[in-house]
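First the structure, in the form of structure tokens, and then the observations on it.
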Amino acid sequence: MTDVRFFSTLTDMPSPGWDALHDGRNPFVSHAFLAGLEAHGCLRPDWGWTPQHLTLWCDDVLVAAAPGYLKTNSHGEFVFDHAWANAYARHGLDYFPKWLGAVPYSPVTGPRLLASDPAHRQSLLQAIADRTTRLGLSSAHVNFHTDQEDACFGPEWLARSDIQYHWRNPGHWQDFDGFLADFDHKHRKNIRQERAKVQRAGVDFRVLHGDEASDEDLKAMFGFYLRTFLDYGNSPALTLGFIRHLATAMPRSLVIFLAEQEGRPIAGALCLRGGDTLYGRYWGADQTLPGLHFETCYYQGIDYCLREGLQVFEPGAQGEHKIARGFLPAFVRSRHWIADPDFAAALGPWCAEETRALQRYAATLAAHSPFKAGGRSLPVL
């Protein structure tokens, strides 16, 4: 017999049992990362995040889990459903709260149905739908799941897609010059000029893992993070306590690139490292220098991947400008279970048309590859 249990905090669950459900290659689904968000003030109900993690047990042994949250808004999700919420409001219905299976503030593809047995993944999805119905929620959503998990979803889970821009080593790039050798002349020249501007400005870089960063380094990185959010008029969700937690609980997963001028930090990028992937998450600067953003956020990360043998660099959501710097379009996925049958019937064609529009958009992006003719191509949706 299987037993479904929901947890309002991961601190109530031993980390070994949770982490035994995944292969450890994606740091965002680790107990340390998710529990750290809760413990260090990054998730609050008034910000729309209430943890409600789904777990499946057999004879008191944890066999499957899905990190999840009750959401009262769509902040920090990166799969935009504002039009859906507006449609519900026009019909006098409540779209919120909804249940979301995702990693907060992290538009990063990774496992969402944590289980070694595919049958348990199916049970998780059924439990999610049952819970959504029982609580009277409008819907349930699973964002940025893996390709392998896609087959677990039935047709009642509406499919959506989006595009990000990822760097992938085809296998023969050993250093940055080898990477640039595959570029056409124009794009190769532009990148070299961007990097040269930063060097001429006297900017040096320190690359630090969590166990190599001093508290002053962590404070500097956190300050840059705050600066970016203030510049854009947004409220920062992460706390200095959480950054410190990553440095101690996940020391080799945290990677920070600090740009320094005359010995003083002027910019930084915070990344997480997985099994074969570097994930760029946040950046900030207190100076505006030509090329500083591209060097800090992209070129330093590519250099790191080439040195460390990582195959993929995901620098974050959105940004067509990344194509010219070697980050090609990649499709990311989400699934959506709508409780109201009339809304489900209406949103099905809407999602299908959105996918067709995305395919047309992807076809136009393919013409902007910086690589030589016959080089890297667009993946198939």
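Since the model is a prediction, treat every value here as computed from it, not as a measurement.
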* For D184, all residues meeting side-chain hydrogen bond (donor to acceptor under 3.5 Å, both in side chains), sequence neighbours excluded -> H187
* Should H141 and W84 count as side-chain neighbours, where that means a heavy-atom distance under 4.5 Å? -> yes
* Asked: Taking T146 for the side chain and E149 for the main chain, is one N or O donor matched with an acceptor at less than 3.5 Å?
  -> yes
* **From CA spacing to verdict: side-chain contact (heavy atoms from CB on, under 4.5 Å), Y282, T228** => CA-CA 9 Å; Y282 301 102; T228 296; over 6 Å; no
* Asked: Does H209 offer a backbone N or O that forms a donor-acceptor pair with the side chain of R273 under 3.5 Å?
  -> no
* **Residues L240, Y225; criterion side-chain contact (heavy atoms from CB on, under 4.5 Å); working and verdict** => CA-CA 10 Å; L240 178 57; Y225 162 77; over 6 Å; no
* Asked: Hey, what do you get for SG (C42) to CH2 (W47), rounding to the nearest 0.5 Å?
  -> 7.5 Å
* To do: Working to the nearest 0.5 Å, report the span between OG1 of T132 and CG of L70.
  => 9.0 Å
* With the side chain counted from C-beta on, respond yes when R192 and F183 share a heavy-atom pair under 4.5 Å apart, and no when they do not. => no
* Under the side-chain hydrogen bond (donor to acceptor under 3.5 Å, both in side chains) test, residues paired with R5 that sit two or more places apart -> D3, D60
* Of the non-hydrogen atoms in H245 and A32, which two are nearest, and what is the gap between them? -> NE2-O, 2.7 Å
* To do: Decide yes or no for D162 and F78: does some side-chain heavy atom of the first lie under 4.5 Å from some side-chain heavy atom of the second?
  => no
* **Pairs touching residues 223-239 that satisfy salt bridge (charged side-chain N to carboxylate O under 4.0 Å, His left out), sequence neighbours left out** => R227-D231
* Just by distance, do the side chain of Q122 and the backbone of C152 share a donor-acceptor pair under 3.5 Å? -> yes
* **Parallel, tilted or perpendicular, as decided by the 30° and 60° cut-offs, for the rings of F7 and W57** => tilted
* Asked: Do the side chain of Q164 and the main chain of P107 share a donor and acceptor less than 3.5 angstrom apart?
  -> yes
* Taking the side chain as every heavy atom from C-beta outward, state whether S8 and T50 have any atom pair closer than 4.5 Å. => no
* Does K71 make a cation-pi contact with W99 (under 6.0 Å, within 45 degrees of the axis)? -> no
* To do: With sequence neighbours left out, write down each residue that passes side-chain hydrogen bond (donor to acceptor under 3.5 Å, both in side chains) with N234, or none if nothing qualifies.
  => none
* Asked: Parallel, tilted or perpendicular for F179 and W167, by the 30°/60° rule?
  -> perpendicular
* Are the ring centres of H293 and W283 closer than 6.0 Å? -> yes
* Are more than 12 heavy atoms from other residues, nucleotides or ligands located less than 6.0 Å from atom CG of D59? -> no
* Asked: Taking atom types as modelled, is there a side-chain donor on S334 or H336 under 3.5 Å from an acceptor on the other?
  -> yes
* Backbone N or O of M13 within a donor-acceptor pair of the H31 side chain at under 3.5 Å? -> yes
* **F242-F33 aromatic ring centre distance below 6.0 Å** => yes
* Asked: Does E353 come within less than 4.0 Å of R360, counting only side-chain N to carboxylate O?
  -> yes
* Structure fact -> In K197, Q193, R200, the residue satisfying side-chain contact (heavy atoms from CB on, under 4.5 Å) with P290 is K197
* Asked: Between T296 and G268, what is the shortest heavy-atom contact and its length?
  -> CG2-C, 3.8 Å
Could you list the donor-acceptor pairs under 3.5 angstrom formed by side chains in residues 110-119, with sequence neighbours left out?
unit_1 : atom_1 : unit_2 : atom_2 : d
R112   : NE     : N143   : O      : 2.9
R112   : NH1    : G110   : O      : 3.3
R112   : NH2    : V108   : O      : 2.7
D117   : OD1    : A119   : N      : 2.9

* Between H53 and T55, is a side chain to side chain donor-acceptor pair (under 3.5 Å) present by the stated rule, with each step listed? -> CA-CA 7 Å; H53 308 296; T55 63; over 6 Å; no
* Keeping the roles fixed (side chain from N26, backbone from T109), state whether a donor-acceptor pair exists under 3.5 Å. => yes
* To do: Inspect the surroundings of NE2 in H185 and state if more than 12 heavy atoms from other residues, nucleotides or ligands are less than 6.0 Å away.
  => no
* **4.5 Å side-chain heavy-atom contact, Y95 and S139** => yes
* Asked: Side chains of I191 and L180: closer than 4.5 Å at any heavy-atom pair?
  -> yes
Side chains of residues 340-348: which donor-acceptor pairs under 3.5 Å do they make with residues two or more places apart or in other chains?
unit_1 : atom_1 : unit_2 : atom_2 : d
D340   : OD1    : D342   : N      : 2.9
D340   : OD1    : F343   : N      : 3.1

* To do: May I have all residue pairs that pass salt bridge (charged side-chain N to carboxylate O under 4.0 Å, His left out) and include part of residues 247-256, sequence neighbours excluded?
  => D211-R252, E212-R252
* T277: side chain to side chain contact (heavy atoms under 4.5 Å, CB included) partners, not counting sequence neighbours -> Y279, V312, E314
* Report the distance from atom CG of L246 to atom CG of L238, rounding to the nearest 0.5 Å. => 8.0 Å
* Nearest 0.5 Å please: distance from the NE2 atom of H145 over to the CG atom of D150. => 3.5 Å
* Side-chain contact test, heavy atoms from C-beta onward, threshold under 4.5 Å: evaluate it for V4 versus L56 and give yes or no. => yes
* With E260 via side chain to side chain contact (heavy atoms under 4.5 Å, CB included) - residues at least two apart -> R206, P265
* Asked: Can you pull the salt bridge (charged side-chain N to carboxylate O under 4.0 Å, His left out) pairs that have at least one residue in residues 79-101, sequence neighbours excluded?
  -> E77-K98, D81-K98
* **Closest heavy-atom pair and its distance - C351, R160** => SG-CG, 3.8 Å
* **Main-chain N/O of P104 paired with S106 side-chain donor or acceptor, under 3.5 Å** => yes
* Between CG of L62 and CG of D19, what distance do you get to the nearest 0.5 Å? -> 10.5 Å
* Asked: Side-chain heavy atoms under 4.5 angstrom apart, residues restricted to Ile, Leu, Val, Met, Phe, Trp, Tyr: same cluster for I128 and F96?
  -> no
* For residues L34 and V29, report the shortest heavy-atom separation together with the two atoms involved. => CD1-O, 3.8 Å
* To do: Please list all pairs passing the salt bridge (charged side-chain N to carboxylate O under 4.0 Å, His left out) test where one or both residues lie in residues 294-307, with sequence neighbours left out.
  => R195-E295, R195-D303
* How long is the span from the CZ atom in F224 to the CG atom in L270, to the nearest 0.5 Å? -> 12.0 Å
Donor-acceptor pairs under 3.5 angstrom involving side-chain atoms of residues 317-328: please list them, not counting sequence neighbours.
unit_1 : atom_1 : unit_2 : atom_2 : d
E320   : OE2    : Y361   : OH     : 2.3
H321   : NE2    : Y298   : OH     : 2.9
K322   : NZ     : G316   : O      : 3.1
K322   : NZ     : A317   : O      : 3.3
K322   : NZ     : Q318   : O      : 2.7
R325   : NE     : E194   : OE1    : 3.3
R325   : NE     : Y299   : OH     : 3.3
R325   : NH1    : H321   : O      : 2.8
R325   : NH2    : E194   : OE2    : 2.6

